[in-house]
Amino acid sequence: MMPKLKSIDKIQFQNSLLNWFKKNKRSLPWREQAHWYPVFLSEIMLQQTQVDQALPYYVKFIKRYPNIHALSKATEQEVLSLWAGLGYYSRARNLLKTARIIVTDYQAKFPRDIKQALMLPGIGKYSASAILSIVYNLPYAVVDGNVYRVMSRLFAVPDDIRLNKTQKSIQKISDQLLSNIDPGNYNEAIMELGAVICKKQNPDCIKCPVQTFCEAFKKNEQLRYPIKSAAPSKRKITHHALIIVNKEAYLFVQRPASGLLASFWEFPILEMKKKDIKDELLESELKKIYGIEGKVTLKGDVFRHQYSHIDLTYQPVIIKSNNKKIKYLNNYRASKWCTFEELNELPIHNAHLKLIEWFKNLSQ
DNA sequence: AAAGCGGGGCG
DNA sequence: CGCCCAGCTTT
């Protein structure tokens, strides 16, 4: 599946796209200045995340860390706290690592060499191509979710875009179509087209600047593309979230340095096979797993939280304890007894903020 | 309930 | 390499 493009078609395609982009591009904060840092920060945030969702976080970050030096001096806990709620938290940890590498190894400038860029943590083919093309106008074609959709319609790609093979062939098409004169604007334009015109539902083909090049449009089959197989279903688990109360303090633990929600602070969890667990069993598990003696005083309503691969149900449990210390850390990095106010600068996941709110409302 | 949105890390 | 893991929003 490799469409042949006559060079005249290519130039017309690029011009139509670039002219449309010039007139219609959204005004976004990272497009305002011609500096690599806003582009870099925004591209990390825009991985797996749509513009509207990333925007408020971008504003917060640029305010707190206006340049690479400020960011490089931040702590991981600080960056994770600011990132909390945006998801895919390894992006935040890699952002900080990369900021430090850029300051120490690259004179505080994003490397122009794609091989060096790809060695930075959190920078893969997409981000390297986006940053190098937008910032330095280097000819690397981006392929993101928008581009998969646009290309699969333009060329009526008959194969499943989840397949590695198909993704490679779309990368090749994109490499061919890229404007070597203006690769930065071209890349932004093709993604913008996918975001605002060539949408998954209700594509606005009437306004599309490259409508005449589109195989799917010619056959009126836009909605058949991209062809994409169904995602596997999520596994369901239940966590008992333990709000362990000792006088005015609550027990918090810090998650392991890698994996889901790495380094986040939360209430200790009991993972049980069954859903309705007797208080006595919770208390004996608490003793066994954490070495803490306590009594269940109240259970709240369950609520769900969905991750990419897990459908998690939380069962809030309030426990009264006289223990001063947690005996077993298990996989956790640290533990501490503290009040909710003392948690301010720590990264806490939404589900656990919800637990705190629920508990606060109870005690009023 | 399902779909949209890239990169790391392992074998 | 291919394959599995990772969050939240919108529809």
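In what follows, every heavy atom counts, from backbone to side chain, and hydrogens, waters and symmetry copies are set aside.
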For a quick test of reading the model: is some side-chain N or O of [X] closer than 4.0 Å to OP1 or OP2 of [N]?
X	N	answer
Lys200(A)	dA2(B)	no
Arg235(A)	dC4(C)	no
Asn94(A)	dG8(B)	no
Arg149(A)	dC5(B)	yes
His305(A)	dC8(C)	yes
Ser127(A)	dG7(B)	yes
Tyr126(A)	dC5(B)	no

What does [X] touch in the nucleic acid at a heavy-atom separation under 4.0 angstrom: a base, only the sugar-phosphate, or nothing?
X	answer
Arg304(A)	sugar-phosphate
Asp52(A)	nothing
Ile161(A)	nothing

State whether a side-chain donor-acceptor pair under 3.5 Å links Glu248(A) with Thr339(A).
no

Output the single nucleotide from [options] whose closest atom is nearest the side chain of [X].
X	options	result
His309(A)	dC5(C), dG2(C), dC5(B)	dC5(C)
Leu260(A)	dC8(C), dG2(C), dA6(C)	dA6(C)
Ile310(A)	dG6(B), dA6(C), dG7(C)	dA6(C)

Mapping Lys168(A) and Gln48(A) to their closest nucleotides on DNA chain C, which lands nearer the 5' end?
Lys168(A)

Roughly how many Å apart are dA6(C) and dG4(B), using the C1' atom of each and rounding to a whole number?
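One C1' to the other, the span is 15 Å.
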
Pi-cation contact, Trp265(A) with Lys336(A) (under 6.0 Å, within 45°)
yes

Do Glu285(A) and Lys288(A) meet the salt-bridge criterion of a basic N to acidic O distance under 4.0 Å?
yes

For the residue pair Tyr314(A) and Phe303(A), does the interplanar ring angle fall in the parallel (under 30°), tilted (30 to 60°) or perpendicular (over 60°) class?
parallel

